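Whatever order the structure lists them in is the order used to number ligands and atoms, beginning at 1. These figures come from a predicted structure and were not determined experimentally. Positions are given from 1, in the same order as the sequence printed here.
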Amino acid sequence: MTAPIRIDADRLRSILDGINGFGRNAATRGFDRVGFSDADMAVRRWFAARMAEEGLATRTDGAANVWGRFGPSEGPAIVAGSHLDTVPNGGAFDGALGVAAAFEAVLSMRDAGLVPKRAVEIVATAEEEGRFGGMLGSQAIAGLVTREWLESARDADDVRLWEAMAAQSLDPLAALDARRAPEEIAAFLELHIEQGPILEREGIAIGLAHTVSGMASLSGRFRGHANHSGTTPMDLRADAFAGLAAFAQEIPTLIARQGTAESRITIGKVELQPNFPHTIPGEAAFTVIVRDTDAAVMHRLVAGLQKPAGKSAADHDLGFDLDVTTWLDPVGLDPALFQDLTAIAERTGTPHRPMPSGAGHDAQTMQSLCPSALIFVPSRGGVSHAPEEFTEWSAIVTGANLLAEAVAELALR
Ligand SMILES: [Zn+2]
């Protein structure tokens, strides 16, 4: 066995800083590289040029994913990467770290004089954060995007994906050509921040994800009667908000009885009607997001929500409906690749633990195309999607070294 690959930490930092030279929000210290914005497109051009400067064969596909290839020009590749877009006012590490670490992995392999048997490709995916309700870049690579979806997708401000791409001189239908064949990609590896508190709390450097939680989105409504808040006695009300509040109280009990340690149920959006301080709410429209790593548990929890909702409606003299609007099954990442990463972590003396991913990532989409793996590094305070997002530099180096070692091992196999 050869000595492990060591990444150049200063060069990794300069690549990450280079990416974060785009979309910097001086007022908040966050980053705005929302999918298909000017800053998002500019960072893609910069990254492609930076890879070309290092002698990699680079290209940008029809979905605006940027690729760089090292090693044989033919045959299946080991692909490593993540996304370059951010949420509005996002942090410095989400996505950008995985792209920078993949690039550094290739550069450190090259500097170590390694000649890969299989090519290594770096990918910087597009629109992972779901501005248009999906993970366009990786879904296009996996062949999961349809013409109908490209034509109909809109963002929260009602901007059509079609127009957002056209405004950047992109042909939206070209996203269909970004599809890769399964035989072209031997494995996909993504380094990402955990975006949760577990690794920091346990003082463990690396999380190796075996599963990505599924997600069910529900849309609900309690219907009562809007009325005067001063003249209507408390026992004669049909208060839609009171019903919703009572329902929300029952969620921890439902999880305790029918869920698992990985279950998450969130009422994240509520709209009251008429939403006026002096009027009893006549209607409460709300969303519920149910997540778990086991589809059967998700089904049980989603079904289990009906009973407390019905009881709450009856107690408060309300009508109600609660329906599933979208459903994403949990994704099991590749067990053999997970074992490979575990073995490399053991061999290199890297403290690690297996864990599920509560958040969605490109790796879950790529798993439908090729064996995929997800490596986590700790997030300070579990904070992400905010300017306060932070990972200690020593943890980043540990994660980047593990990624580089894994990429090298797979490419030399
Ligand atoms: Zn991300």
Original post:
Who pairs with Lys269 by salt bridge (charged side-chain N to carboxylate O under 4.0 Å, His left out), at least two apart in sequence or on another chain?
Top reply: Glu271

Subject >> Under-2.8 Å protein N/O/S neighbours of the Zn ion (ligand 1), ordered by chain then residue number >> reply: His83 NE2, Asp94 OD1, His192 NE2

Original post:
So which pairs with a foot in residues 12-23 pass salt bridge (charged side-chain N to carboxylate O under 4.0 Å, His left out), sequence neighbours left out?
Top reply: none

Original post:
Does a salt bridge link Arg380 with Glu200, judged by any charged N lying under 4.0 Å from a carboxylate O?
Top reply: no

Original post:
Residues two or more places apart in sequence or in another chain: which of them pass salt bridge (charged side-chain N to carboxylate O under 4.0 Å, His left out) with Asp61?
Top reply: none

Original post:
Is a salt bridge present between Glu127 and Arg131, judged by a nitrogen-to-oxygen distance below 4.0 Å?
Top reply: no

Subject >> Pairing of Asp292 and Arg300 as salt bridge, 4.0 angstrom limit >> reply: no

